[in-house]
Amino acid sequence: MTINAHPELPEFDYIRPATLEEASRFLSDHAGEARPLLGGTDIFVRMRDGFWHDKYLVDVKNLDGTDNLHFHPTAGLTIGAGVNMNRVMTMLEVQQYYPVLAEACRSVASYQLRTRATIVGNLCNASPAGDTIGACMLYDGVLKVHGVDGYRDEPLKTFFLGPGKTVLKPGDIATAIQLPRPPAGSTGTYIKLGRNTWSDLSIVGVTALGSREPASASGYSFHVALASVAPVPLEVPAVHSYLSENNITPEAFIEAARLAQQACNPIDDVRGSARYRKAMVKKLTEKALLITLDRLEGRE
Ligand SMILES: Cc1cc2nc3c(=O)[nH]c(=O)nc-3n(C[C@H](O)[C@H](O)[C@H](O)COP(=O)(O)OP(=O)(O)OC[C@H]3O[C@@H](n4cnc5c(N)ncnc54)[C@H](O)[C@@H]3O)c2cc1C
């Protein structure tokens, strides 16, 4: 007997609207049976494996700026929804001003996958394991969303509601992610622990971002976000508060890592146990903070 672990991709209609208005109207009129399509790297796997049964895939690439990638010295970075990860991570301004986003993109699967996969797709898919979400959150990302009533902004800090769940409603199309320009000299790292080093979702992911902050007691500002250890991608404000108020020492990083461990709420799954995840959050947060400090001080 053969077991077909991957049934065929079911039939669907490919819809290519001419405008965002048309796309939002179609998605709203067909709520529950239509979804926006970017690279399709999540969609086609979920449909092939029988989890999603959409009748219509609505291609929202190439609509009114969704293909733009643009850096403005004061406004910051705008990444159109249709821009793939390879394009983002090779942009010079991304490497210079948003190095943690470039590093997070690099951690995603393979070059081939990244020619299709988009950052906006990673965000809208809302997997707690999404590798680029932590960087977008720590860079204060805001999604530009087009719905049936026109445009609005959705800050990432309040965007995620649960695994695969966001504040988006039928008819909503994220057209771009906007990241303000970070403080001068800010840097950090993304550490991804997977079952292998080349192509796997994370067991634990730790994003750290730091900058000098003369207004804080410590003289620094550190932020940490965690992947795969809670129902949503998780920023840990307690780490920021603690490291703003206390001297930056190796012991302070150990305490900050303990606070990150305390904040997370992982589950057991095929990639790792909750207990292992908790232990690794502590280890990897400490490591990410040490790397971030080294980079801030120009030691790396
Ligand atoms: C082999 C393989 C390896 C992978 N490895 C990784 C990995 O290492 N790390 C990782 O994070 N992910 C990984 N993924 C998952 C996937 O590649 C990413 O989540 C990717 O960023 C999704 O982008 P996409 O453009 O392909 O999105 P799509 O598949 O097109 O869409 C994803 C979801 O977002 C919704 N959506 C798309 N566009 C919009 C929009 N404009 N507005 C509102 N909703 C929208 C879709 O309806 C769908 O629900 C992997 C996938 C595969 C197949």
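The figures that follow rest on heavy atoms only: side chains count, while hydrogens, waters and symmetry mates do not. Whatever order the structure lists ligands and atoms in, that order sets their numbers, starting from 1.
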With a sphere of 6.0 Å drawn around CG of Asn247, does it hold more than 12 non-hydrogen atoms of other residues, nucleotides or ligands? no
Between the side chain of Thr66 and the main-chain N/O of Val60, is any donor-acceptor distance below 3.5 Å? yes
Considering both backbone and side-chain atoms of Thr132, is one of its nitrogen or oxygen atoms within less than 3.5 Å of a nitrogen or oxygen in ligand 1? no
Is a side-chain donor or acceptor of Asn84 paired with a backbone partner of Arg87 at a separation under 3.5 angstrom? yes
Consider side-chain hydrogen bond (donor to acceptor under 3.5 Å, both in side chains). Of Thr207, Asn122, Thr118, which one does Thr132 pass it with? Asn122
Please could you name the atoms of ligand 1 that Ile173 approaches to less than 4.0 Å, counting only its heavy atoms? 41 (N), 42 (N)
Numbering the atoms of ligand 1 from 1, which are under 4.0 Å from a heavy atom of Val60? 41 (N)
Looking at Gly130, which atoms of ligand 1 are within less than 4.0 Å of one of its heavy atoms? 11 (O)
May I ask you to decide whether Arg212 forms a salt bridge with Glu297, counting only side-chain N to carboxylate O separations under 4.0 Å? yes
For ligand 1 and Leu38, I'd like to know whether there is a polar contact (N/O to N/O, distance under 3.5 Å). yes
I'd like to know if Phe44 contacts ligand 1, where contact means a heavy-atom distance under 4.0 Å to any ligand atom. no
What I want to find out is whether Asp140 reaches Lys157 closely enough, with some N-O distance under 4.0 Å, to be called a salt bridge. yes
Just jot down the ligand 1 atoms closer than 4.0 angstrom to any heavy atom of Met85, in number order. 21 (O)
Considering only heavy atoms of Ala174, which atoms of ligand 1 have at least one such atom less than 4.0 Å away? 40 (C), 41 (N), 42 (N), 43 (C)
Among side-chain atoms of His146 and Ser24, is any donor-acceptor pair under 3.5 angstrom? yes
The salt bridge (charged side-chain N to carboxylate O under 4.0 Å, His left out) partners of Arg114 (sequence neighbours excluded) come to none
Taking only heavy atoms of Arg35, which atoms of ligand 1 are found under 4.0 Å from at least one of them? 47 (O), 48 (C), 49 (O)
What part of Leu201, side chain, backbone, both or neither, has a heavy atom within less than 4.0 angstrom of ligand 1? side chain
Polar atom proximity, Asp172 to ligand 1 (N or O, under 3.5 Å): no
Starting at OH of Tyr151, measure out to CD1 of Ile173 and round the result to the nearest 0.5 Å. 9.0 Å
Do the rings of His30 and Phe26 sit parallel, tilted or perpendicular, given the 30° and 60° boundaries? parallel
Using heavy atoms and a threshold below 4.0 Å, how should the contact between Val108 and ligand 1 be classified: side chain, backbone, both, or neither? both
If you measure every N/O of Thr41 against every N/O of ligand 1, is any gap under 3.5 Å? yes
Of the choices Gly80, Ala129, Gly39, Ser107, which has the non-hydrogen atom that lies closest to atom 24 (P) of ligand 1? Gly39
Do any N/O atoms on Leu168 end up under 3.5 angstrom from N/O atoms on ligand 1? no
Measure up the Tyr139 and Tyr98 rings against each other and bin them: parallel (under 30°), tilted (30 to 60°), perpendicular (over 60°). perpendicular
List the atom of Thr41, the atom of Val45, and the distance in Å for their closest heavy-atom pair. O-CG2, 3.4 Å
Ile43 N/O under 3.5 Å from ligand 1 N/O: yes
Backbone or side-chain N or O of Lys192 under 3.5 Å from ligand 1 N or O: yes
Please list, in number order, the atoms of ligand 1 under 4.0 Å from a heavy atom of Thr118. 20 (C), 21 (O), 23 (O), 24 (P), 25 (O)
Extract all donor-acceptor atom pairs below 3.5 Å that involve side chains of residues 280-292 and protein atoms in other chains or at least two apart in sequence.
residue : atom : partner : partner atom : Å
Thr285  : OG1  : Val281  : O            : 2.6
Thr292  : OG1  : Ala288  : O            : 2.7

Give the atoms of ligand 1, by number and element, whose distance to some non-hydrogen atom of Cys124 is under 4.0 Å. 34 (O), 35 (C), 36 (N), 42 (N), 43 (C), 44 (N), 45 (C)
Any nitrogen or oxygen of Leu113, main chain or side chain, under 3.5 Å from a nitrogen or oxygen of ligand 1? no
Taking distance alone, with N or O pairs closer than 3.5 Å, would you say Ala109 contacts ligand 1? yes
Check whether any N or O atom of Pro36, backbone or side chain, sits under 3.5 Å from an N or O atom of ligand 1, and answer yes or no. yes
